[in-house]
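For reference, the structure discussed in these notes is given below.
Only a predicted model underlies this, so the values are computations on that prediction, with no experimental measurement involved.
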Amino acid sequence: MTLTERDLKVIWHPYTQMQTAMPPVAITHGEGVLLYDDAGKTYIDAVSSWWVNIHGHAHPYIAEKVAEQLHKLEHVIFAGFTHEPAVHLAERLLAIIPDNQAKVFYSDNGSTAVEVALKMCLQYWFNKDKPRTKVLAFKNAYHGDTFGAMAVSGRSAFTNPFSSMLFEVEFIDLPSDDNIQELCQKISALHSELACFIFEPLVQGSAGMLMYEAGHLNTLMAHCRAEEVFTIADEVFTGFGRTGMPFACDHVQQQPDIMCFSKGLTGGTMALGITTCTQDIYDAFLSDDRLKTLFHGHSFTANPVACAAALASMDLFSEPSTTENIRRIKKSHQRFAKLIAQHRQIKQVRQTGTIIAIEIATEKDTSYFNTLRDTLYQYFLKAGIILRPLGNILYILPPYCITNEQLQYIYQSIEQALNTL
Ligand SMILES: Cc1ncc(COP(=O)(O)O)c(C=O)c1O
């Protein structure tokens, strides 16, 4: 039996309609931007394996650091104990994010980082005896698949079966010149009930790489600050260089109260989530009253091996060649954006940093379920490229080590695919 056949007997895959999906491709190994299947075919990982990979697959330096850590300490309970990788990673992360961030709370992935952020805000107000129970979020947001994260995500086909179980959230449109004043007024009207405002800074990834202006985000964050509404920057997707700066929040002057990280945090090597917060938020949990404790933790909180992977990834991230690669990809995308925007099949091209999204004109359903998605997905797989369109929106989000030639090959394949439509 092939690996794929064995898989189909025992495995239920994420975000996959198991009845109709094509059998999964069996990957045996990876190197740099390439993944190799069991028949020897190569694929350019143009989506960084669900947006996590930033330095390429099976990176030898990360592998070495992870192996070293495995020989020292694989895991230890993180309540009552600590270890060098967790402390060092917290120190290093705090040194490169907005300087109002004072404490690091570890968890397992992007969704749990969001859960922790929401709990910090809601319990802050609870501990202060001034309960605030509403959350403000953007329409079409995506913050993860656990219940709290789903609740603050836009209501969609993904959340429908659970809609009655999701807590109340005020959803607002993405900001624009036309509505920014109205949005600020809404925040003012609701402020005494709002525990926090959670957002994906600059780019709403899952919504189809929807982009909005840093200036408008800055205005909203400043307004929240004035109205004492906490801001949570969910940098799970945008963090570690995706928007051209180390963090999307580097594009704004305001500092968020809380930040969430995962995905690129470990270079895409291990599952790890981080929620950081201000001293003020941390202090609201300090008390002789033990009921004011943040009662949250996971078995694998601050796993030393995951922290070692993150430290190794940060070493690579801070190398000048990574900054240069990010700049190179950004420029390359900008050139391609200009070119492809002329194509008859294109509705809109959006680009921020290393992210480019190409919205294809279609008369059909423009949701995630647009059938173009499947056609294009298969087309690119055949061409040896992993691109997973979000409905009628194609996007490229490569690891930073992608070469110019590989980028050109992806661009050409996209052009050819559009010509077939
Ligand atoms: C902005 C954002 N937040 C949270 C998440 C959830 O992360 P995870 O899939 O690691 O739970 C995602 C995942 O795509 C995301 O894009």
Side-chain angles (χ1 to χ4, degrees), residues 48-55 62 78 85-121 141-146 148-149 152 196 198-206 230-243 245-252 255-278 281-282 296 298 300-303 306-318 322 326 353-355 397 400:
S48 297
S49 282
W50 255 342
W51 319 345
V52 301
N53 192 296
I54 58 177
H55 306 298
I62 301 180
F78 206 59
V87 177
H88 193 192
L89 177 57
E91 290 166 347
R92 281 188 74 178
L93 183 66
L94 290 176
I96 58 169
I97 60 178
D99 63 11
N100 68 336
Q101 298 298 295
K103 298 285 176 192
V104 165
F105 193 101
Y106 284 104
S107 64
D108 294 349
N109 54 60
S111 303
T112 55
V114 166
E115 296 287 339
V116 171
L118 295 170
K119 282 187 169 181
M120 282 178 176
C121 290
Y142 179 76
H143 296 288
D145 286 347
T146 49
V152 295
C196 57
I198 184 166
F199 52 87
E200 296 156 275
L202 303 198
V203 189
Q204 288 191 305
S206 297
F230 288 130
T231 51
I232 303 173
D234 176 353
E235 293 251 16
V236 166
F237 163 53
T238 50
F240 299 95
R242 291 293 182 199
T243 65
M245 299 286 269
F247 300 98
C249 284
D250 295 330
H251 295 268
V252 296
Q255 299 185 322
D257 296 289
I258 292 186
M259 298 179 79
C260 304
F261 307 92
S262 188
K263 295 196 185 273
L265 172 63
T266 63
T269 306
M270 312 258 318
L272 185 67
I274 284 185
T275 310
T276 61
C277 70
T278 59
I281 292 178
Y282 176 77
H296 190 102
H298 300 276
F300 285 101
T301 298
N303 175 256
C307 291
L311 283 164
S313 177
M314 271 200 200
D315 288 344
L316 299 173
F317 189 68
S318 57
T322 303
I326 290 171
T354 66
I355 310 163
L397 190 87
Y400 306 144

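- A search for ring pair (Phe, Tyr, Trp, His ring centres under 6.0 Å) contacts involving His88 returns nothing, not counting sequence neighbours.
- For the pair Ile258 and Phe230, the minimum side-chain heavy-atom distance is 4.5 Å or more.
- Considering only heavy atoms from C-beta on, Met314 comes within 4.5 Å of Leu93 through its side chain.
- Looking at every heavy atom in both residues, Ala113 comes nearest to Ser107 through N-OG, 3.4 Å.
- In this structure the side chain of Pro98 reaches within 4.5 angstrom of the side chain of Met259, judged on heavy atoms.
- Atom-to-atom distance recorded for Ser49:OG and Ile54:CD1 is 13.0 Å, nearest 0.5 angstrom.
- Considering only heavy atoms from C-beta on, Thr238 stays 4.5 Å or farther from Glu200 through its side chain.
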> Does the pair Leu118 and Cys196 meet the rule for a side-chain contact (heavy atoms from CB on, under 4.5 Å), with working shown?
Replying inline: CA-CA 8 Å; Leu118 295 170; Cys196 57; 4.2 Å; yes
> Should Asp315 and Arg92 be marked as a side-chain contact (heavy atoms from CB on, under 4.5 Å) after you check the CA-CA gap, both sets of side-chain angles, and the distance that decides it?
Replying inline: CA-CA 10 Å; Asp315 288 344; Arg92 281 188 74 178; 2.6 Å; yes
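- Note: Ile281 CD1 to Cys121 SG = 5.0 Å, rounded to the nearest 0.5 Å.
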>> Apply side-chain hydrogen bond (donor to acceptor under 3.5 Å, both in side chains) to residues His298 and Thr112 and explain how you reach the verdict.
In response: CA-CA 9 Å; His298 300 276; Thr112 55; 4.6 Å; no
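- Not a single donor-acceptor pair under 3.5 Å links the side chain of Gln204 to the backbone N or O of Tyr142.
- Between the side chain of Asp250 and the backbone N or O of Phe247 there is at least one donor-acceptor pair closer than 3.5 Å.
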> Going through the distances and angles, do Leu272 and Asp108 end up as a side-chain contact (heavy atoms from CB on, under 4.5 Å)?
Replying inline: CA-CA 4 Å; Leu272 185 67; Asp108 294 349; over 6 Å; no
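- Ring geometry, Tyr400 versus Phe317: the interplanar angle falls from 30° to 60°, so the pair is classed tilted.
- Note that OG1 of Thr269 and CD1 of Ile62 are 4.0 Å apart. Values are rounded to the nearest 0.5 Å.
- Listed for the Thr322 side chain is no donor-acceptor partner under 3.5 Å among the backbone atoms of Ser318.
- Side-chain N or O atoms of Lys263 include none that pairs as donor or acceptor with a backbone N or O of Gly239 at under 3.5 Å.
- With values rounded to the nearest 0.5 angstrom, Arg242 atom CZ is found 5.5 Å from Thr354 atom OG1.
- Using modelled atom types, one side-chain atom of Ser111 and one backbone atom of Asp145 make a donor-acceptor pair closer than 3.5 Å.
- In terms of heavy atoms, Pro256 sits closest to Cys249 at CG-SG, 3.8 Å.
- Dense packing is recorded around CZ of Phe78, with more than 12 heavy atoms of other residues, nucleotides or ligands lying under 6.0 Å away.
- Of the candidates Leu265, Ile274, Thr266, Leu89, Leu89 is the only one forming a side-chain contact (heavy atoms from CB on, under 4.5 Å) with Cys307.
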>> Set out, in order, the CA-CA distance, both residues' side-chain angles and the distance that settles side-chain contact (heavy atoms from CB on, under 4.5 Å) for Asp257 and Ile232, then state yes or no.
In response: CA-CA 6 Å; Asp257 296 289; Ile232 303 173; over 6 Å; no
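- Rounding to the nearest 0.5 angstrom, the gap separating the OG1 atom in Thr231 from the CD atom in Gln255 is 9.5 Å.
- Put simply, the side chain of Phe261 reaches to within 4.5 Å of the side chain of Ile97, judged on heavy atoms.
- Remark: the backbone N or O of Gly148 is paired with a side-chain donor or acceptor of Glu115 at under 3.5 angstrom.
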>> side-chain hydrogen bond (donor to acceptor under 3.5 Å, both in side chains), that's the test. Do Ser313 and His55 meet it? Break it down for me.
In response: CA-CA 8 Å; Ser313 177; His55 306 298; 3.1 Å; yes
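- Between Phe240 and Glu235 the shortest side-chain heavy-atom distance does not fall below 4.5 Å.
- Contact annotation: the side chain of Lys103 never approaches that of Thr278 to less than 4.5 Å [non-hydrogen atoms, C-beta and beyond].
- Gln101 places no side-chain N or O within 3.5 Å of a backbone atom of Ile96 that could act as its donor or acceptor partner.
- Atom OG1 of residue Thr276 and atom CE of residue Met120 lie 8.0 Å apart, to the nearest 0.5 angstrom.
- Trp51 and Phe237 have tilted rings, their planes meeting at an angle from 30° to 60° on a 0 to 90° scale.
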